Amino acid sequence: QLQLVESGGGLVQPGGSLRLSCSASGFTLDSYAIGWFRRAPGKDREGVSCISSNSGSTNYADSVKGRFTISRDNAKNTVYLQMNSLKPEDTAVYYCAADRWRHSRSWDTCFNDFEYDYWGQGTQVTVSS
């Protein structure tokens with residue numbers, strides 16, 4: 001069974017940090033681009049960050065640039081999202097997703113969620129004092 005699992009979410013004060021992890025079971029991530037998405041209460045799901053299979057390309061939403069960093073360790077079959085200087089507006093359920101065919105598509109569209117093949121169940125991030 002192919003599965004993505006997110007972890008690392010939780011409650012953090014504004015200005016704090018969290019590191020989310022996305023791990024895979026049933027397949028290896030090294031052939032997949034990975035995207036992080038989030039859905040805040042009452043809002044549509046939005047792209048946060050994405051990384052190519054070889055870490056050569058990354059992209060960030062304007063709202064998280066300079067605060068979030070995406071990385072991957074293919075040896076550990078895991079992708080990370082380091083989130084610093086967290087704000088209350090970062091509160092959301094965070095999802096990771098795997099795209100097998102990103103290498104044949106424009107990197108500019110890496111936030112098109114419909115292009116992803118596998119999704120995790122999400123992890124809650126709450127930023128509040």
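This structure is a prediction, so every number in the text was calculated from the model and none was measured.
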Atom [atom1] of [X] and atom [atom2] of [Y]: how far apart are they, to the nearest 0.5 Å?
X: Tyr80; Y: Trp36; atom1: OH; atom2: CH2; value: 10.5 Å
X: Asp108; Y: Asn59; atom1: CG; atom2: CG; value: 7.0 Å
X: Trp119; Y: Cys22; atom1: CH2; atom2: SG; value: 10.5 Å
X: Leu4; Y: Thr78; atom1: CG; atom2: OG1; value: 10.5 Å
X: Leu86; Y: Leu18; atom1: CG; atom2: CG; value: 5.5 Å
X: Cys110; Y: Arg102; atom1: SG; atom2: CZ; value: 6.0 Å

Looking at every heavy atom in both [X] and [Y], which two are closest together, and how far apart are they?
X: Gly47; Y: Ala61; value: O-CB, 3.5 Å
X: Cys96; Y: Ile34; value: CB-CG2, 4.4 Å
X: Pro14; Y: Ser129; value: CD-N, 3.7 Å
X: Trp107; Y: Ala33; value: CZ3-CB, 4.2 Å

Check whether any side-chain heavy atom of [X] lies under 4.5 Å from a side-chain heavy atom of [Y], and answer yes or no.
X: Val127; Y: Gln13; value: no
X: Tyr60; Y: Ile70; value: yes
X: Ser53; Y: Ser31; value: no
X: Gln82; Y: Ser17; value: yes
X: Glu6; Y: Gln121; value: yes
X: Ser52; Y: Thr58; value: no
X: Ser49; Y: Leu81; value: yes
X: Val79; Y: Leu29; value: yes

Between Asp90 and Arg67, is there a side-chain N and carboxylate O pair less than 4.0 Å apart?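 Salt bridge between Asp90 and Arg67, a charged N being under 4.0 Å from a carboxylate O: yes.
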
Is Arg39 paired with Glu46 through a side-chain N to carboxylate O contact shorter than 4.0 Å?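 Arg39 and Glu46: not salt-bridged.
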
Tell me if a side-chain donor or acceptor on Asp73 pairs with a main-chain N or O of Ala75 at a distance below 3.5 Å.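 Answer holds: yes.
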
Mark yes or no for whether Arg105, through its side chain, and Glu115, through its backbone, hold a donor-acceptor pair below 3.5 Å.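 Yes, because the side chain of Arg105 sits within donor-acceptor range (under 3.5 Å) of the backbone of Glu115.
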
Is Val93 reachable from Phe111 through a run of I, L, V, M, F, W or Y residues, each pair having side-chain heavy atoms under 4.5 Å apart?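 Shared cluster, no.
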
May I ask whether Val48 and Tyr95 are part of the same hydrophobic cluster, defined by side-chain heavy atoms of I, L, V, M, F, W, Y residues being less than 4.5 angstrom apart, directly or through others?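 Unlinked, Val48 and Tyr95 end up in two clusters.
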
Could you please spell out the steps behind the side-chain contact (heavy atoms from CB on, under 4.5 Å) verdict for Leu20 and Val125? CA-CA 9 Å; Leu20 305 184; Val125 171; 4.0 Å; yes

Between Tyr32 and Phe27, what is the ring plane arrangement, given parallel below 30°, perpendicular above 60°, and tilted in between?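 Ring orientation, 0 to 90° scale: perpendicular.
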
Which class fits the ring pair Tyr94 and Phe68: parallel under 30°, tilted 30 to 60°, perpendicular over 60°?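 Taking Phe68 first and then Tyr94, their aromatic rings sit tilted (interplane angle of 30° to 60°).
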
Polar contact flag, side-chain donor to acceptor under 3.5 angstrom, Thr126-Gln124: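 The criterion, which ignores hydrogens and geometry beyond distance, is satisfied for Gln124 and Thr126.
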
